[in-house]
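Please read the structure below before turning to the comments.
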Amino acid sequence: MEKDREKNIPVVEVNDLVVHYETYDGVVEAVNGVSFQIKKRDVLGLVGETGAGKTTIALALMGLLPVPPSHIVQGSIKLDGEEIILPQNASKAQKAELEKKMREYRGKKISMIFQDPMTALNPVIPIGDQISEVIGLHEHCSKEEAEKKAVDMLEMVGIRPERYKDYPHQMSGGMKQRVVIAIALACNPELLIADEPTTALDVTIQAQVLDMMKDLRNRLGTAMMLITHDFGIVADICNKCAVVYAGEIVEYGTVEDIFDRPKHPYTIGLFESIPSLTKDVDRLKPVQGQTVDPNDLPEYCSFYDRCSKCMEKCKGCDPVLTEVAPGHFVKCIYAQKEE
Amino acid sequence: MALLEVNHLKKYFQVSSGILHAVDDVSFTLEEGRTLGVVGESGCGKSTLGKTIIRLTDPTSGKVVFDGQDVAGYSVKEFHKVRPNMQMIFQDPFASLDPRLTVTELIAEPMKIYKTGTKEEIYKRVKDLMDIVQLAERFANSYPHELDGGRRQRIGIARALALKPKFVVCDEPVSALDVSIQAQVLNLLQDLQEELKLTYMFITHDMSVVKHISDDIIVMYLGQIVEKSSAKELFQKQYHPYTNALLSAIPVPSLHDRREKILIEGELSSPINPPDRCRFAGRCAYCTELCRNSKAPELKEMSPGHFVACHRAKEMMVELNKNE
Ligand SMILES: Nc1ncnc2c1ncn2[C@@H]1O[C@H](COP(=O)(O)OP(=O)(O)OP(=O)(O)O)[C@@H](O)[C@H]1O
Ligand SMILES: Nc1ncnc2c1ncn2[C@@H]1O[C@H](COP(=O)(O)OP(=O)(O)OP(=O)(O)O)[C@@H](O)[C@H]1O
Ligand code: SF4
Ligand code: SF4
Ligand SMILES: [Mg+2]
Ligand SMILES: [Mg+2]
């Protein structure tokens with residue numbers, strides 16, 4: 001019975017999620033109909049343009065979207081099969097109950113590594129104490145034991161024990177991020193959401209952190225969603241990948257689909273923008289044009305203005321995410337026709 | 001003459017358990033119009049080095065000769081005159097921009113502080129700068145939180161350029177950006193360098209970016225330079241075991257070209273009251289008695305323009321580059 005459950009119910013199931021931010025200048029359409037699942041042991045890489053809505057998706061999963069200005073317009077998010085988005089007309093009691101449940105989830109089952117480490121750190125408490133506090137809460141162990149474990153965690157992320165009493169402002173950007181990672185991993189979560197966890201780290205420490213994450217997945221089957229701009233990291237640790245553009249998933253598949261058979265012109269453009277380690281080029285080749293304004297999205301394909309493959313008919317409709325090969329989805333008329 | 005000459009620069013911090021050697025005896029020169037890449041472990045002192053050079057923080061000791069003048073010894077008032085020439089683009093464009101100011105006000109701010117002209121002249125220059133960094137005019141009255149990371153970073157670049165600097169420290173200017181916007185910003189920085197003869201110190205963790213943008217690279221480890229070379233050569237040959245491990249750990253954006261990573265294991269050295277010996281010894285796979293018992297190795301030129309600080313440099317030149 002338990003086994004069946006594990007197999008069938010994804011740890012996360014998102015369906016047709018739409019999130020807006022209501023600002024003075026109008027409505028920011030940050031997430032526009034996103035659906036995906038993450039199963040046990042899956043590591044989903046979420047890549048895409050700055051401002052495409054990746055952090056917004058992550059915060060929605062955590063139940064941490066700021067209200068106002070954010071507003072979940074529609075959609076469903078199930079964690080372990082349980083819905084966490086209430087209907088618009090939910091009662092106060094329902095809201096309070098959900099908030100309580102989410103707080104429990106966040107403490108026990110889900111950990112998030114935030115893009116900005118300072119959102120997770122308290123500036124007036126020494127970093128070691130911040131870690132041992134979390135460990136104490138989770139493992140219900142004595143203060144001494146928790147402190148000893150906190151020292152171990154610090155060493156695992158490459159910080160010397162004598163820095164235990166340092167305050168966040170005394171550490172470099174990357175060191176703060178490592179403290180946050182230590183806290184998130186100390187919880188042995190079932191679901192780990194990591195928003196650019198290693199961007200501030202050098203590649204050797206990054207490799208160690210990725211190994212720690214792999215170990216967590218292998219040991220506990222932790223499901224993960226990893227937001228990153230670095231395709232090298234996706235190649236290293238993810239098995240699935242979603243490419244986000246203007247609040248929509250424009251391509252989704254296994255890492256093999258995305259790296260070896262990318263279909264969407266935006267995905268292809270991203271790969272072409274990366275500076276090469278092996279070849280010398282004078283000038284990089286970014287995707288042409290400028291980011292679309294999420295205050296003012298077109299009715300048709302949102303990549304139209306920047307697409308090198310666009311055709312007359314692209315302006316006539318908004319393509320839907322369509323399966324072009326088993327498990328490989330693309331939201332592009334051109335790519336779908338090509339099949 | 002070099003535009004910038006850094007000599008035995010040190011920056012120490014007093015912390016609870018002792019004295020932290022954030023930048024410990026760093027020397028290099030930088031010619032006008034060139035880009036020096038700075039890489040190294042997180043916490044090794046890169047940002048502190050940049051900030052100390054442009055005096056956002058006072059050096060503990062050492063010289064910074066800029067355009068022929070030793071500015072490290074300048075008083076705050078004297079330095080005020082040099083400041084317009086030395087600017088910084090910060091890693092986090094969000095944290096470094098005042099959220100209450102519009103794009104126009106943000107870019108005008110340094111010029112107002114330095115009273116570079118009349119109101120009209122300053123606003124005209126703001127327009128020019130927005131043009132230079134390719135920020136469309138319709139964003140003139142936007143606030144930073146309303147913009148995406150790429151545009152915010154362009155504000156940071158426009159601000160840094162407002163006072164027509166000669167030297168700019170770029171502290172991870174593209175780390176928060178997606179690869180396409182990153183490519184746009186890097187192209188922009190290169191164009192500006194050509195047009196304005198800018199000199200850059202470019203700090204980053206992204207090895208493919210540093211290879212692309214730099215003429216020369218210094219590799220730092222715990223406050224010190226351990227290797228220095230032209231960018232091109234460094235990616236072909238490494239003489240220091242740390243550099244070798246660092247380059248081996250670059251995540252490659254491909255599923256096929258997987259390489260063996262050299263994991264750095266062993267005892268971490270501390271930047272607090274460090275002993276006078278090789279700081280990488282506790283983690284170095286090539287460490288011998290000699291390394292443990294000798295003073296810290298000095299930076300030596302092993303081949304033209306390629307410097308390394310390692311007691312076993314001669315052997316490492318062969319050992320680390322066997323597969324070439
Ligand atoms: N609190 C907010 N108020 C108004 N708009 C917001 C807010 N937070 C995010 N946005 C907007 O929502 C859109 C999506 O932002 P989000 O932070 O989710 O993007 P992202 O994909 O995580 O980008 P990045 O890669 O730069 O972190 C952007 O246009 C952003 O400006
Ligand atoms: N104000 C301060 N007080 C005490 N220690 C500091 C202070 N600022 C920096 N340090 C210490 O100096 C060392 C170098 O920090 P720095 O920020 O220069 O590193 P970095 O190389 O830029 O790292 P990263 O790549 O993570 O940004 C670190 O050990 C840091 O903890
Ligand atoms: S649908 Fe048309 S415009 Fe949109 S990505 Fe595909 S080819 Fe380009
Ligand atoms: S001096 Fe010795 S310990 Fe230090 S890097 Fe060289 S071989 Fe390794
Ligand atoms: Mg984000
Ligand atoms: Mg730094």
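Below, all heavy atoms of this structure are taken into account, side chains as well, without hydrogens, waters or symmetry copies. Here is how names work: the chains are called A, B, and so on, in the same order as the sequence lines, proteins then strands, and each is numbered from 1.
- Considering every non-hydrogen atom in both B/His212 and A/Val281, the closest pair reads CE1-O, 3.2 Å.
- Here the CG-CD1 distance, from B/Leu255 to A/Ile258, works out to 10.5 Å after rounding to the nearest 0.5 Å.
- Within the 4.5 angstrom heavy-atom criterion, only backbone atoms of A/Ile159 (N, CA, C, O) approach chain B.
- A donor-acceptor pair under 3.5 Å is absent between the side-chain atoms of A/Ser273 and the main chain of B/Ala183, judged by distance alone.
- For B/Phe13, no part lies near chain A; criterion is any non-hydrogen pair under 4.5 Å.
- For a residue to count as touching a neighbouring chain, one of its non-hydrogen atoms must lie under 4.5 Å from one of that chain's; by this rule A/Ser172 touches chain B with the side chain only.
- Residues of residues 228-236 of chain A that come closer than 4.5 Å to chain B, counting heavy atoms only, are A/His229, A/Asp230, A/Phe231, A/Gly232, A/Ile233, A/Ala235, A/Asp236, ordered by residue number.
- Around CD of B/Glu137, the count of heavy atoms belonging to other residues, nucleotides or ligands within 6.0 Å does not exceed 12.
- Between A/Gly48 and B/Asp178, the closest heavy-atom pair is O-CB, 3.5 Å.
- Interface remark: of the candidates A/Leu210, A/Thr278, A/Asp282, A/Val28, A/Asp282 forms the most heavy-atom pairs closer than 4.5 Å to chain B.
- Heavy atoms closer than 4.5 Å to chain A are found nowhere in B/Lys46, neither backbone nor side chain.
- Once rounded to the nearest 0.5 Å, the distance linking NZ of A/Lys165 with OG of B/Ser17 reads 11.5 Å.
- Contact between A/Ala207 and B/Lys261 at its shortest, heavy atoms only, is CB-CD, 4.0 Å.
- For a residue to count as touching a neighbouring chain, one of its non-hydrogen atoms must lie under 4.5 Å from one of that chain's; by this rule B/Ser254 touches chain A with the backbone only.
- A pairwise comparison of heavy atoms in A/Asp202 and B/Gly40 identifies CB-O, 3.6 Å as the closest pair.
- Of the two parts of B/Leu246, the backbone and the side chain both hold a non-hydrogen atom closer than 4.5 Å to a non-hydrogen atom of chain A.
- For chain A, the nearby part of B/Gln190 is the side chain; its heavy atoms alone come within less than 4.5 Å.
- When each of A/Gly174, A/Pro275, A/Ser276 is checked for heavy-atom pairs under 4.5 Å with chain B, A/Pro275 comes out on top.
- In terms of modelled atom types and a separation under 3.5 Å, the side chain of B/Gln184 and the main chain of A/Leu284 share no donor-acceptor contact.
- Interface remark: B/Asp206 contributes no atoms to any contact with chain A (heavy atom separation under 4.5 Å).
- Listed here is the closest heavy atom pair of A/Met175 and B/Gly43: SD-CA, 3.8 Å.
- Side-chain atoms of B/Ile181 and A/Glu49, non-hydrogen and from C-beta on, do get closer than 4.5 Å to each other.
- Only the side chain of A/Gln208 comes within less than 4.5 Å of a heavy atom of chain B; its backbone N, CA, C and O stay farther away.
- B/Ile272 places a side-chain heavy atom less than 4.5 Å from the side chain of A/Arg163.
- Both the backbone and the side chain of A/Leu270 come within contact range of chain B, each with at least one heavy atom under 4.5 Å from a heavy atom of that chain.
- When the candidates B/Pro271, B/Ser270, B/Ala245 are compared by the number of heavy-atom contacts under 4.5 Å with chain A, B/Ser270 comes out ahead.
- With a threshold of 4.5 angstrom between heavy atoms, A/Gln177 does not approach chain B through any atom at all.
- Of the two parts of A/Lys279, only the backbone, made up of N, CA, C and O, holds a non-hydrogen atom closer than 4.5 Å to a non-hydrogen atom of chain B.
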For this session: Apply side-chain contact (heavy atoms from CB on, under 4.5 Å) to the pair B/Asn187 and A/Arg283, showing each step before the final yes or no.
Result: CA-CA 7 Å; B/Asn187 284 345; A/Arg283 225 177 149 71; 3.5 Å; yes

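- Of the two parts of B/Val209, the backbone and the side chain both hold a non-hydrogen atom closer than 4.5 Å to a non-hydrogen atom of chain A.
- Here OG of B/Ser42 is found 11.0 Å from CD of A/Gln206. Values are rounded to the nearest 0.5 Å.
- Using a 4.5 Å heavy-atom threshold, the side chains of B/Leu20 and A/Gln170 count as separate.
- Both the backbone and the side chain of B/Ile250 come within less than 4.5 Å of a heavy atom of chain A.
- Contact record, B/Glu41 with A/Thr204: OE2-OG1, 4.4 Å, taken as the closest heavy-atom pair.
- Interface remark: B/Ile264 contributes backbone and side-chain atoms alike to the contact with chain A (heavy atom separation under 4.5 Å).
- The choice from A/Asp166, A/Val47, A/Val255, A/Leu201 that makes the most heavy-atom pairs within less than 4.5 Å of chain B is A/Leu201.
- Contact of A/Asn295 with chain B is not made at all, since no heavy-atom distance falls under 4.5 Å.
- When the candidates A/Asp211, A/Thr198, A/Val287 are compared by the number of heavy-atom contacts under 4.5 Å with chain B, A/Val287 comes out ahead.
- Between B/Lys211 and A/Asp280 there is a side-chain heavy-atom pair separated by less than 4.5 Å.
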